[in-house]
Amino acid sequence: MVRILTRTLLVTVLFFVSLTSAMANTLTATVSSNQVTKAEVFQLRLTYDDKIDSDRIDFSVLQNQFFLGQPSFGSSLNYVNGKRSSRSEWTIALKAKQLGTISIPSFSIDGASSQPIVIKVSQDKDLPKPSELVTIQAQLDKKSLYPNEATQLKTRLIIKSDPRRLQDVKISPPAGESFTVEQEGEPNQYQTIINGVEATVVDQTFKVIATQNGSHILNSLGFEATFVFGNNRSGTTKLLPVKIAPEQLAIDVKAKPADSDLVWLPTSKLTLSQQWLDDQGNPVSLIKQPLELKLGDSITRQLTLTIQGIEAENFPDISLIYPDAVRHYSEKPQFKTLDNGQTQMTIRQVLIAQHAGKAVLPPISIPWFDTQNDVAKQTQVDGVELNIEAAAITANPEISAPINTTQQLVTQSGFWPYLTILFALLWLITLLWHVNSRNKNTAINTTTENHANEFKQVISTVESNDTVQIQYAVKHWLTTQKGKNDQIEQQILAELSMMATKQYSAHPDKWNNRKLVDLIKKLYKQRANNQNSNNLTKL
């Protein structure tokens, strides 16, 4: 009886041990290939026959020997013939960091462990060299500079492969400790064919400004990316890291001469020109001097300074002391970069005669240092002689306008309102008719808005009672009013003359701006009506 019980107990224990063994979870590791090249990407898959969290596997143990992709994880729950089964799976892309034999270590979960895997890594023989995929060219205009002088660096990046194969692209811009580097314009990218191979070319220009004398190194453009190559037959993917180190360009920055002037303007080329304009914006001939002006008349001096290799903030400040016979008003300088890399400044100085007699407007001289010949120079434009006539005083200044001005104003007063209404109706009808022509209407509205803003500005200037600014602003505004009424324009000029007469006569009298404001409003309204009519004709 005891034997039977002992045998029964042993069978029961063996049964439960067998059942427990059958129910133990397993962790399995497999790879897509265990013989790869150094550039080849292969897959590691781990499976565990139970549902579990994704963070139970730590892939960081692979970082020393492999480049790691982003792991993916999934779990599933299945019922087959009434039996329930669970499964968790991890997949990660790997690429070897070294040649030879390396191993994927064992992973463990709750006592279940995978088997280590040995990977044999060989050298790639069919991948191109980095220089066959990417080329960088750099051209420096000048390799010898002075402090604050600039030169152009032109770079060209050539990619001799499909750009869609690029990953993690990093382009390092030119840089140097003793230089300020600025990008000029936008990169120019285009496709071309080089030795029968389609290539992508990116051209970029940089402005390099020397900040400290001495021998220095400027690092040109640098490039870093990963090229992806796939084989449709074998289904393999290879990654080729490409890194092009920046070319080192040597630049000699000469010391500033000890005897140089306080105004330091180093450049290889500088030009200065001027043009004189009358109050209508027309060029003034300087053949016959002195120039004849009347009190209140204006003349504009337009200066153009063009310098090679100098930034706008380093341009000289052109300010002069003019004689008391004129008042001057300088507009804000306008800068632009020319196609040849030179920077150009244009400045307008409006001079208004305020005292009778002769006056000499001084010349303008710009000192600079010729870096091409290492010598100090001066560039100059001449001044101008003026003869300012005194304004005549009449017994009744208000009669200085044309005799029939008042009559014509009364005659026109009943005509223009009807004409304005007519043009407005025509404009509304045409606008409804051409409701689909939104682009043209937008352009017309933008132009109208610009004219309205200019009109508001000139009215504001007149109401400020600043004689100098009124003379300039009104005459400049008249030159922009195409299709204006010549008769109203003459009345405006006459009123400006009246303003100058009262301001600059021997016995100054207070001037009322009301008449000038009314005339400007009338001219603006008449011109707006004509413009609306022209727009309707075009539509």
Side-chain angles (χ1 to χ4, degrees), residues 31-45 59 62-63 65-72 90-99 102 119-140 152-175 181 183-206 218-249:
V31 292
S32 57
S33 176
N34 58 8
Q35 294 186 6
V36 298
T37 63
K38 189 178 179 181
E40 186 175 345
V41 177
F42 64 97
Q43 304 292 324
L44 168 64
R45 179 179 290 108
F59 291 104
L62 303 174
Q63 290 179 346
Q65 294 180 310
F66 299 95
F67 294 102
L68 309 183
Q70 185 68 31
S72 63
W90 296 260
T91 303
I92 186 171
L94 303 177
K95 190 178 85 71
K97 290 183 176 181
Q98 60 193 47
L99 298 174
I102 55 180
I119 305 293
K120 293 183 178 180
V121 184
S122 59
Q123 186 62 270
D124 295 275
K125 298 180 180 179
D126 57 344
L127 289 179
K129 298 178 181 179
S131 59
E132 296 175 351
L133 296 173
V134 178
T135 303
I136 296 179
Q137 300 172 355
Q139 180 181 353
L140 199 61
Q152 280 189 330
L153 173 64
K154 298 177 182 178
T155 63
R156 172 168 292 177
L157 171 64
I158 305 174
I159 302 174
K160 308 170 192 175
S161 179
D162 189 343
R164 292 174 294 184
R165 293 183 176 181
L166 294 175
Q167 289 184 351
D168 302 326
V169 179
K170 298 178 182 177
I171 299 178
S172 56
V181 183
Q183 178 178 308
E184 287 190 346
E186 296 298 324
N188 179 27
Q189 179 174 325
Y190 56 94
Q191 302 295 124
T192 188
I193 296 177
I194 301 176
N195 294 329
V197 178
E198 186 174 355
T200 300
V201 179
V202 181
D203 290 335
Q204 179 66 68
T205 301
F206 298 88
L218 175 70
N219 292 321
S220 180
L221 208 65
F223 179 86
E224 186 175 353
T226 299
F227 282 78
V228 181
F229 297 92
N231 191 317
N232 294 331
R233 294 183 179 180
S234 62
T236 60
T237 300
K238 295 183 178 182
L239 302 179
L240 177 62
V242 173
K243 185 175 182 179
I244 307 296
E247 180 182 356
Q248 294 187 330
L249 305 172

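Not measured: the values here are computed from a predicted model.
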Working to the nearest 0.5 Å, report the span between [atom1] of [X] and [atom2] of [Y].
X: Ile193; Y: Gln191; atom1: CD1; atom2: CD; answer: 10.0 Å
X: Arg45; Y: Ser72; atom1: CZ; atom2: OG; answer: 8.5 Å
X: Ile119; Y: Glu40; atom1: CD1; atom2: CD; answer: 10.0 Å
X: Gln70; Y: Leu68; atom1: CD; atom2: CG; answer: 10.0 Å
X: Ile158; Y: Leu133; atom1: CD1; atom2: CG; answer: 12.5 Å
X: Lys154; Y: Leu221; atom1: NZ; atom2: CG; answer: 15.5 Å

(request) Mind jotting down which residue pairs meet the side chain to side chain donor-acceptor pair (under 3.5 Å) criterion with at least one end in residues 157-166? Sequence neighbours excluded, please. (result) Thr135-Lys160, Asp162-Arg164
(request) Walk me through it: do Phe59 and Phe66 pass the test side-chain contact (heavy atoms from CB on, under 4.5 Å)? (result) CA-CA 10 Å; Phe59 291 104; Phe66 299 95; over 6 Å; no
(request) Start with the C-alpha gap between Gln43 and Ile92, add the side-chain angles, then the distance that decides, and say whether side-chain contact (heavy atoms from CB on, under 4.5 Å) holds. (result) CA-CA 6 Å; Gln43 304 292 324; Ile92 186 171; over 6 Å; no
(request) Please name all residues satisfying side-chain contact (heavy atoms from CB on, under 4.5 Å) with Lys120, sequence neighbours left out, ordered by chain then number. (result) Gln35, Thr101
(request) Spell out, as yes or no, whether a donor-acceptor pair under 3.5 Å connects the side chain of Thr226 to the backbone of Asp168. (result) no
(message) Main chain of Gln204, side chain of Thr155: is a donor-acceptor contact present, judged purely on distance under 3.5 Å?
(response) yes
(message) For Leu153 and Leu249: C-alpha separation, side-chain torsions, deciding distance, then whether side-chain contact (heavy atoms from CB on, under 4.5 Å) applies.
(response) CA-CA 10 Å; Leu153 173 64; Leu249 305 172; 3.7 Å; yes
(message) According to side-chain hydrogen bond (donor to acceptor under 3.5 Å, both in side chains), who are the partners of Gln152, at least two apart in sequence or on a separate chain?
(response) Glu184
(message) Run the side-chain hydrogen bond (donor to acceptor under 3.5 Å, both in side chains) test against Asp203 and tell me which residues pass, sequence neighbours left out.
(response) Arg156, Tyr190
(message) I'd like to know whether Thr91 forms a side-chain contact (heavy atoms from CB on, under 4.5 Å) with Leu44, so could you lay out the CA-CA distance, the side-chain angles of the two residues, the decisive distance to 0.1 Å, and finally the verdict.
(response) CA-CA 6 Å; Thr91 303; Leu44 168 64; over 6 Å; no
(request) Verify the distance criterion only: is there a donor paired with an acceptor across the side chains of Thr37 and Gln123 at less than 3.5 Å? (result) no
Which side-chain N or O atoms in residues 237-247 pair as donor and acceptor under 3.5 Å with protein atoms at least two apart or in another chain?
residue, atom, partner, partner atom, Å
Lys238, NZ, Asp124, OD1, 3.4
Lys238, NZ, Asp126, OD1, 3.3

Looking only at heavy atoms, what is the nearest atom pair of [X] and [Y], with distance?
X: Ala225; Y: Leu166; answer: CB-CD2, 4.2 Å
X: Ser33; Y: Phe42; answer: O-CD1, 4.0 Å
X: Pro163; Y: Thr200; answer: CG-OG1, 3.3 Å

(message) Is it true that, when you exclude Glu186 itself, more than 12 heavy atoms of the residues, nucleotides or ligands shown sit nearer than 6.0 Å to its CD?
(response) no
(request) For the residue pair Phe227 and Phe229, categorise the inter-ring angle as parallel (less than 30°), tilted (30 to 60°) or perpendicular (more than 60°). (result) parallel
(request) Could you tell me which residues satisfy salt bridge (Lys or Arg N to Asp or Glu O under 4.0 Å) with Glu132, sequence neighbours excluded, listed by chain and number? (result) none
(message) Just so I know, are the side chains of Val181 and Leu218 near enough to count as touching, which here means a heavy-atom distance under 4.5 Å?
(response) yes
